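Have a look at the structure below before the remarks.
Note that these values count all heavy atoms, side chains included, but never hydrogens, waters or copies made by symmetry. No experiment lies behind these values; they were computed from the predicted model shown. Chain letters run A, B, ... following the sequence lines, proteins first and then strands; every chain starts at 1.
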Amino acid sequence: MRIDGCWYPCDDEITRPIVHAEILTGEGDWLKVLLLVDTGADVTAFSADVLELFGLPIHERHDRLGGVGGVADSVTLLAQLRLTCDDGRKAVFRGEFSAFRSADALDMSVLGRDILDHFAVIADRQATLLALIRDRHRYQIVTD
Amino acid sequence: MNVDLSRIPPAVEMEVVSDPQELAQARQQDEQFARNLAWLRCHASEVYSQHRGKCVCISGEQAFVADSAREAVALAKTVFPQDRGRFVRYIPREKVPRIYAN
């Protein structure tokens, strides 16, 4: 399995590793979202604008999520997230995900290791390659 | 080694979808999204600089701006109701380098 992402320019003129995904809303629609591939994130967390569009009941309230800026209030919700494989199939992830209520806490949703650990993550900026691979897709490190 | 199970994130289950009908609908959405994403890439500078602190919905290869994500999507739907490839971006108030970690 291979899921391709891209290196995408953000508002601060910084290019970041992004995958596009869909989240299932409370209305039964799949909504497109951009996710930052973040191997430093323990969990996948959605930004406030995405939380607003979810339309799903909040499962429980977290204490808070911590990061560089300290801790921020977050909530948990049961959700489904869908990634596109290179062969056209979709990989659906179901579980509890976190979300921030404040837009300033997180400006872009992050894909954390709760999902990334299902894959080998290749983030090669020089080659402009971003890929999540598993099963029949493998990588090899070669020394010339 | 003692493990505090309450500190371990709950497992996320993975399933692969291969239903042809569902994938066909998803493919159409992906194509619409790809056009919107490409449009934003070309117009990133103007969109980001002009709409800090706002939510922007990219739909029909146009930007729809509002104070909230819901409002931005509602604006987009009035013009492009059939575009399922729309997506929303919150533009941070300040243009600063960021470190993401949680």
Side-chain angles (χ1 to χ4, degrees), chain A residues 1 6 8-14 16 20 22 29-34 36 38 40-45 47-53 55 65-69 72 74 76 81-82 84-85 88-98 100 103-104 106-108 110 112-115 117-118, chain B residues 7-20 22-27 29-30 32-34 36-37 40-41 44-45 47-49 51-59 67-73 83-102:
Chain A
M1 175 185 290
C6 65
Y8 200 78
C10 296
D11 71 287
D12 50 1
E13 299 178 8
I14 302 295
R16 294 190 173 89
H20 69 87
E22 298 93 57
D29 298 319
W30 288 100
L31 174 69
K32 279 291 190 183
V33 295
L34 296 180
L36 176 74
D38 189 353
D42 297 337
V43 297
T44 295
S47 54
D49 56 309
V50 173
L51 174 63
E52 184 182 350
L53 298 175
L65 286 176
V68 171
S74 65
T76 303
L81 182 150
R82 194 169 74 172
T84 304
C85 305
R89 294 180 302 163
K90 293 286 187 178
V92 178
F93 298 86
R94 295 185 181 86
E96 289 184 355
F97 297 103
S98 298
F100 287 98
D104 294 323
L106 188 70
D107 68 283
M108 178 183 288
V110 298
R113 294 196 311 280
D114 51 349
I115 290 179
D117 281 353
H118 287 266
Chain B
R7 296 178 62 82
I8 298 176
V12 174
E13 298 178 350
M14 187 183 89
E15 175 189 346
V16 178
V17 175
S18 55
D19 174 74
E22 186 173 345
L23 293 183
Q25 290 180 344
R27 199 160 36 245
Q29 183 182 31
D30 288 342
Q32 291 174 317
F33 170 78
N36 288 326
L37 192 67
L40 180 59
R41 186 188 286 269
S45 180
V47 170
Y48 294 146
S49 64
H51 304 300
R52 292 207 168 276
K54 299 289 188 179
C55 286
V56 178
C57 178
I58 309 299
S59 181
D67 290 330
S68 73
R70 195 169 294 154
E71 290 171 342
V73 170
D83 184 5
R84 296 185 302 117
R86 69 178 73 88
F87 66 98
V88 175
R89 290 283 292 119
Y90 168 71
I91 313 302
R93 269 183 270 265
E94 292 185 71
K95 179 183 171 182
V96 293
R98 295 180 196 110
I99 296 176
Y100 294 86
N102 69 68

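A side-chain hydrogen bond (donor to acceptor under 3.5 Å, both in side chains) with Glu15(B) is found for exactly one of Arg82(A), Lys90(A), Arg94(A), namely Arg94(A).
Ranking Arg89(A), His118(A), Glu52(A) against chain B, the residue ahead of the rest is Glu52(A), based on heavy-atom pairs under 4.5 Å. Among Asp49(A), Leu34(A), Leu81(A), the residue making the largest number of heavy-atom pairs under 4.5 Å with chain B is Asp49(A). Of all the listed residues (Cys55(B), Ala44(B), Ala26(B)), the one sharing the greatest number of non-hydrogen pairs under 4.5 Å with chain A is Ala26(B).
Judged as a side-chain contact (heavy atoms from CB on, under 4.5 Å), and not counting sequence neighbours, the contacts of Gln32(B) are Arg35(B), Asp83(B), Arg84(B). Contacts of His20(A) classified as ring-ring contact (aromatic ring centres under 6.0 Å, His included), with partners at least two apart in sequence or in another chain: Phe33(B).
Using a 4.5 Å cut-off between heavy atoms, Cys6(A) touches chain B through its side chain atoms alone. Heavy-atom distances place no part of Gln25(B) under 4.5 Å from chain A, backbone and side chain included. With a 4.5 Å cut-off on non-hydrogen atoms, Val73(B) touches chain A through its side chain but not through its backbone. Using a 4.5 Å cut-off between heavy atoms, Thr84(A) touches chain B through its side chain atoms alone. Using a 4.5 Å cut-off between heavy atoms, Asp19(B) does not touch chain A at all. Proximity to chain A is absent for every atom of Ser45(B), based on heavy atoms less than 4.5 angstrom apart.
With rounding to the nearest 0.5 angstrom, the CG atom of Leu53(A) is 8.0 Å from the SG atom of Cys57(B). Interatomic distance, Leu31(A) CG to Arg86(B) CZ, rounded to the nearest 0.5 Å: 8.0 Å.
Across Glu22(B) and Trp30(A), no two heavy atoms sit closer than the pair OE2-NE1, 4.5 Å. In plain terms, the two heavy atoms of Arg93(B) and Asp104(A) that are nearest each other are NH2-OD2, 2.8 Å.
For the pair Glu13(B) and Val92(A), the minimum side-chain heavy-atom distance is 4.5 Å or more.
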